[in-house]
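All values reported here derive from a predicted model rather than from experimental measurement. Reminder, nothing fancy here: chain letters follow the sequence lines and each chain counts from 1. Worth knowing before you read on, the calculation uses all heavy atoms, side chains too, and leaves out hydrogens, waters and symmetry mates.
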2 protein chains.
Amino acid sequence: MGPSGRMNDSTKTTTAEALLGMLSVGAKSGYELKGFIHQSIGYFWNESFGQIYPTLKRLEKDGLVVATEGERSGSKVYALTEAGRERLRAWLGMMPRAQVMRNEMLLKLFFGSQVAAATMRSHVAQYRDQRFAEVQTYSGIRARIQSRFAGHPALPYWLITLNWGQIEAEALLRWSEETLVTLDAMVEAGR
Amino acid sequence: MGPSGRMNDSTKTTTAEALLGMLSVGAKSGYELKGFIHQSIGYFWNESFGQIYPTLKRLEKDGLVVATEGERSGSKVYALTEAGRERLRAWLGMMPRAQVMRNEMLLKLFFGSQVAAATMRSHVAQYRDQRFAEVQTYSGIRARIQSRFAGHPALPYWLITLNWGQIEAEALLRWSEETLVTLDAMVEAGR
DNA sequence: TCCGTCATGTAAATGGTTACATGATTCG
DNA sequence: CGAATCATGTAACCATTTACATGACGGA
């Protein structure tokens, strides 16, 4: 399997790296970063202002980004420095740490026998509606970015992450439908 | 779609509810809870000792659980009280809040154009191996619990959550395989 | 006796969200 | 002029992980 496989040096705080990554696409203000993150990687990542602004200051102090005056008074536009780009590349080379996820809906479902089946059915129905909406969104995004970023070197990677979201949403939509059938039978059976 | 749909009363701290749920299956010590959580819902939930012990004390103070002496000296076995079971049921009835997930591997992939395609290939290969191992695990678990808990009222719900994990793992395994093909082509093309 | 596991706990650090405070600019 | 949006920041709070400290018990 090749001589690869550097260990994770436990470079914590991925918020910094997420911001560096976003700035590698182009210079942005803190406010713009939030919106950009939301509409591009929002389905698997998010950041809040309370996290963005302090992190940006820290990155500037460390020389990984430089701030220049924005058009509005008091607004700042941040750009990646060479050191920042280097840091980003180093982080990209490290093995991603496996993440610990928490799914509240599944937790409830696991204890489902404690309440009426109809209760769990409504939770799963809501979950299905969310997955359905997601699937719809993905086809829209795909069409838009494929024409808007044709030829862009990052496009293949953006489509790969988009595929991830779409395949996951479709799979969980199928699970939802199957599960609703099971739960309907249980509601019918009256337990 | 029926008259259901209570809003989430923002009852934070689901750790408490996770523990109440686990205790609804049977009385356990803090130590046992950790192991039980790991091997039953470990693929979508986890708790650490630093969280379990203080939470258990709080639940006891609030009268939601009662502690009795365990067999070993100093060990405590916690059991759900009627109030605890009531609290659990109330929580199960509330709509699960949508969760904000963070996937570090996808974040790196999104910025993949900043480094060699081979780097991203190795990340995805690791991801694929993890999903593959997961799929293997699930079929093992299914066989075990289906015979061990035949007739148990919670079994249908346990199988439903297990299905979720299996369907997700299988879908992401497929995504990994597809993505590896794409990345191999990009490595070949030398960019 | 020593190791591994069972067992409980605390302290510190971390990472993150939420709420709040403030103000500029744009558009109807 | 007022509302929406653009824009920056801080403080408080919260949940969670990690590391550490301690000790009982069983078996090799």
Side-chain angles (χ1 to χ4, degrees), chain A residues 8-19 22 27-39 41-42 44-61 65 67-78 91 97-104 107, chain B residues 8-20 22-23 27-39 41-42 44-61 65 67-78 91 97-104 107:
Chain A
N8 187 347
D9 279 335
S10 83
T11 314
K12 286 284 174 64
T13 186
T14 33
T15 289
E17 283 79 12
L19 298 187
M22 283 296 157
K28 279 166 201 65
S29 70
Y31 186 86
E32 283 173 314
L33 273 168
K34 176 93 194 290
F36 197 79
I37 288 170
H38 180 73
Q39 58 146 292
I41 56 175
F44 65 78
W45 202 268
N46 85 317
E47 297 290 350
S48 61
F49 286 128
Q51 194 81 331
I52 290 174
Y53 289 115
T55 302
L56 241 20
K57 285 205 159 173
R58 217 195 67 218
L59 290 174
E60 192 189 7
K61 200 183 50 135
V65 301
T68 53
E69 272 291 304
E71 294 191 4
R72 281 160 174 260
S73 81
S75 81
K76 298 179 201 168
V77 174
Y78 291 90
W91 173 74
R97 47 185 167 151
Q99 47 190 75
V100 200
M101 67 113 102
R102 281 183 148 205
N103 188 320
E104 202 175 304
L107 188 64
Chain B
N8 189 346
D9 279 336
S10 84
T11 314
K12 287 283 174 64
T13 184
T14 32
T15 289
E17 282 79 13
L19 298 187
L20 291 176
M22 282 297 157
L23 293 178
K28 280 169 200 62
S29 70
Y31 186 86
E32 284 172 314
L33 274 168
K34 177 93 194 288
F36 197 79
I37 287 170
H38 181 74
Q39 58 146 291
I41 56 175
F44 66 78
W45 201 267
N46 84 318
E47 297 291 349
S48 62
F49 285 129
Q51 194 80 331
I52 290 174
Y53 288 116
T55 302
L56 241 18
K57 285 204 160 176
R58 216 194 70 220
L59 290 174
E60 193 189 6
K61 198 182 51 128
V65 302
T68 53
E69 271 291 304
E71 293 191 6
R72 280 159 175 264
S73 80
S75 82
K76 298 179 201 168
V77 174
Y78 292 90
W91 174 74
R97 45 187 168 150
Q99 45 188 75
V100 201
M101 66 113 103
R102 283 185 146 202
N103 190 318
E104 201 174 306
L107 187 65

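For the pair A:Glu71 and A:Ser48, both in contact range of DNA chain C, the more 5′-proximal nearest nucleotide belongs to A:Ser48.
Every residue two or more places apart in sequence or in another chain was checked for a side-chain hydrogen bond (donor to acceptor under 3.5 Å, both in side chains) with A:Thr55, and none qualifies. With sequence neighbours left out, B:Glu47 forms a side-chain hydrogen bond (donor to acceptor under 3.5 Å, both in side chains) with A:Arg102, B:Thr15, B:Trp45. Residues satisfying the side-chain contact (heavy atoms from CB on, under 4.5 Å) test with A:Lys34, not counting sequence neighbours, are A:Phe49, A:Ile52. Not counting sequence neighbours, the partners of B:Phe44 by the side-chain contact (heavy atoms from CB on, under 4.5 Å) test are A:Met101, A:Asn103, A:Leu106, A:Leu107, A:Phe110, B:Ile41, B:Thr161.
Following rounding to the nearest Å, A:Gln99 (CD) and C:dG15 (P) show an atom-to-atom distance of 16 Å. In this structure, B:Ile37 atom CD1 and D:dT17 atom C1' are separated by 15 Å, rounded to whole Å. Spacing between atom CD of B:Gln51 and atom C1' of C:dG15 amounts to 14 Å, rounded to whole angstrom units. Nucleotide D:dC14 holds its P atom 13 Å from the CZ atom of B:Arg97, rounded to whole Å. Summarising the geometry, the separation between CD on B:Glu104 and C1' on C:dG16 is reported as 15 Å, rounded to the nearest angstrom. Distance, B:Arg102 CZ to C:dT14 P: 16 Å, rounded to whole Å. Here the P atom of nucleotide C:dA19 and the CD1 atom of A:Ile52 are 17 Å apart, to the nearest Å.
A distance of 5.0 Å separates OG1 of B:Thr14 from CZ of B:Arg97, quoted to the nearest 0.5 Å.
The phosphate of D:dT17 (OP1 or OP2) has a side-chain N or O of B:Asn46 nearer than 4.0 angstrom.
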Using a 3.5 Å cut-off and no angle test, enumerate the donor-acceptor pairs between side-chain atoms of residues 69-76 of chain A and protein atoms at least two apart in sequence or in another chain.
residue, atom, partner, partner atom, Å
A:Ser75, OG, A:Arg72, O, 3.2

Classify every nucleotide of nucleotides 5-11 of chain D by which part a protein heavy atom approaches to under 4.0 Å, writing B for the base, S for the sugar-phosphate alone and - for neither, in 5'-to-3' order.
-> -BBBBB-
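Nucleic acid contact class of B:Ser73 (heavy atoms, under 4.0 Å, all strands): sugar-phosphate only.
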